[in-house]
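This is a predicted model, so every value here is computed, not measured. Here, residue 1 is the first one in the sequence, and each next residue gets the next number.
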Amino acid sequence: MRIRIVDAFTDRPFAGNPAGVLLLADAFPDDDRLQNIALEVNHAETAFAHRLPAGGEADWALRWFTPATEVNMCGHATLATAHVLHGTGAHRGPVRFATRSGVLVATPGEDGSITLDFPTAPLTPVALPEGVAEALGAEPLTAFDTGPNIGDLLLELADEKTVHALSPDLKALGAYSERGIIATARAENPDLGYDFVSRCFFPNVGIDEDPVTGSAHTALAPYWAERLGRTDLTGLQASPRSGRVRTGLRGERTLLTGRAVTVIEGELLA
């Protein structure tokens, strides 16, 4: 079985968010085996996909595992899987994935990018939880629940510099949401090519800081579209690896566009 490491939401190696990708010959093996492989790969997510019979609502079945657990939605590993399918010739044109979050479509662009069609996260304003400012290391301006698919607490901070400077208490952050925290702020200089910045901390699923989080942008897109008055935006995720996600808010769906680069290809022997 071939296993690939793909850097997603970047056009260069050793940036963006790395994901393991395994294309399976048939149905998924048992969950323990999938989890053990994901732990061995030890990236934020490892994606497992297998082809479905022709004529159905989806072309491939897709699941995502962190080193600690299976997750409901993952943007960068979906992008990485579509990149492998197109790069190997296993699939041509738009690919429909059957997932825990419904059917997700990945469409290749003529420029080499891939656009994901994901459900828009429902945003619900909530009171700022007691102690979250101390755990994060900054005072949020607003707090929003992002719904069941993502399971994060979205916090807007005062400015971009504050987001860059965060050094949170990760153990303490785990008490405030199902998956973790999305910290965001408006870009200080949109002339640099992005409209907002974010960082994502997911201690509850074994990821201290996720390098570039596609799923988080299904919440960031509607949040910033309302505040900036535009439906097409670009987000910079300001992790040490960094990466950019182009977002297009289309009502109940959000389009996420980026590139990917395969950096490692090998064989799974166990």
Side-chain angles (χ1 to χ4, degrees), residues 8-9 16-20 31 34-35 38-39 41-48 62-80 99-102 104 116 118-133 135-138 140 142-157 163 166-184 196-223 235 237-239 241 243 245 247 254 256:
F9 290 115
N17 201 351
D31 289 0
L34 297 175
Q35 189 63 72
L39 179 59
V41 172
N42 202 34
H43 284 311
E45 267 87 10
T46 297
F48 301 89
L62 177 63
R63 296 172 71 180
W64 313 279
F65 285 76
T66 76
T69 189
E70 185 173 8
V71 295
N72 291 332
M73 179 187 292
C74 180
H76 85 279
T78 304
L79 180 68
T99 78
R100 278 187 168 190
S101 298
L104 308 177
L116 308 177
F118 272 39
T120 300
L123 298 180
T124 304
V126 296
L128 189 66
E130 183 178 352
V132 73
L136 186 63
T142 60
F144 284 78
D145 178 82
T146 60
N149 282 340
I150 301 178
D152 295 332
L153 183 66
L154 173 64
L155 303 174
E156 182 185 353
L157 304 186
V163 174
L166 289 176
S167 182
D169 180 340
L170 294 167
K171 184 176 181 180
L173 278 187
Y176 297 103
S177 64
E178 180 180 348
R179 182 174 72 165
I181 300 293
I182 305 169
T184 187
F196 59 87
V197 297
S198 65
R199 289 176 68 188
C200 295
F201 306 98
F202 303 143
N204 290 344
V205 293
I207 305 166
D208 287 347
E209 179 170 4
D210 200 32
V212 190
T213 314
S215 60
H217 283 76
T218 67
L220 290 163
Y223 185 84
Q237 195 152 331
S239 68
R241 289 177 65 102
V245 182
T247 66
T254 294
L256 310 172

Between atom [atom1] of [X] and atom [atom2] of [Y], what is the distance when rounded to the nearest 0.5 Å?
| X | Y | atom1 | atom2 | result |
| --- | --- | --- | --- | --- |
| Leu79 | Leu104 | CG | CG | 12.5 Å |
| Thr184 | Leu155 | OG1 | CG | 10.0 Å |
| Met73 | Leu116 | CE | CG | 10.5 Å |
| Asp152 | Asp210 | CG | CG | 9.5 Å |
| Leu173 | Ile181 | CG | CD1 | 5.5 Å |

Below 4.5 Å, heavy atoms only, C-beta onward: do [X] and [Y] meet side chain to side chain?
| X | Y | answer |
| --- | --- | --- |
| Asn17 | Phe9 | no |
| Phe201 | Asp208 | no |
| Thr99 | Asn72 | no |
| Thr213 | Phe202 | yes |
| Arg63 | Arg100 | no |
| Leu220 | Thr247 | no |
| Pro203 | Lys171 | no |

Which atom of [X] lies closest to which atom of [Y], heavy atoms considered:
| X | Y | answer |
| --- | --- | --- |
| Thr146 | Ala219 | CG2-CB, 3.8 Å |
| Ala133 | Pro140 | CB-CD, 3.9 Å |
| Ser239 | Pro211 | OG-O, 2.8 Å |
| Pro119 | Thr218 | O-CB, 3.5 Å |
| Ala183 | Leu157 | CB-CD1, 4.1 Å |
| Leu256 | Gly214 | CD1-O, 3.3 Å |

> Does Glu45 reach the main-chain N or O of Pro67 with its side chain, forming a donor-acceptor pair under 3.5 Å?
Replying inline: no

> Quick check: does any side chain N or O of Asp145 sit under 3.5 Å from a backbone N or O of Gly147, one acting as donor and the other as acceptor?
Replying inline: yes

Apply ring-ring contact (aromatic ring centres under 6.0 Å, His included) to [X] and list each qualifying residue two or more places apart in sequence or on a separate chain.
| X | value |
| --- | --- |
| Tyr176 | none |
| His76 | none |
| Phe48 | Phe65 |

> Under the side chain to side chain contact (heavy atoms under 4.5 Å, CB included) criterion, do Leu153 and Val126 qualify, and how do the steps go?
Replying inline: CA-CA 9 Å; Leu153 183 66; Val126 296; 3.9 Å; yes

>> The test is side chain to side chain contact (heavy atoms under 4.5 Å, CB included); show your working for Val212 and Val245 and say whether it passes.
In response: CA-CA 8 Å; Val212 190; Val245 182; 3.8 Å; yes

> Could you go step by step and tell me if Gln237 and Cys200 meet the side chain to side chain contact (heavy atoms under 4.5 Å, CB included) rule?
Replying inline: CA-CA 8 Å; Gln237 195 152 331; Cys200 295; 3.6 Å; yes

> Taking it one step at a time, do Leu166 and Leu136 satisfy side chain to side chain contact (heavy atoms under 4.5 Å, CB included)?
Replying inline: CA-CA 7 Å; Leu166 289 176; Leu136 186 63; 4.0 Å; yes

> Passes side-chain hydrogen bond (donor to acceptor under 3.5 Å, both in side chains), Thr254 versus Thr120? Steps please.
Replying inline: CA-CA 5 Å; Thr254 294; Thr120 300; 2.7 Å; yes

>> Pair Trp64, Thr78 - check side-chain hydrogen bond (donor to acceptor under 3.5 Å, both in side chains), show working.
In response: CA-CA 8 Å; Trp64 313 279; Thr78 304; 3.1 Å; yes

>> Tell me whether the rings of Phe196 and His217 are parallel (<30°), tilted (30 to 60°) or perpendicular (>60°).
In response: tilted

> What do the steps show when you test Asn204 against Arg179 for side-chain hydrogen bond (donor to acceptor under 3.5 Å, both in side chains), and what is the final call?
Replying inline: CA-CA 5 Å; Asn204 290 344; Arg179 182 174 72 165; over 6 Å; no

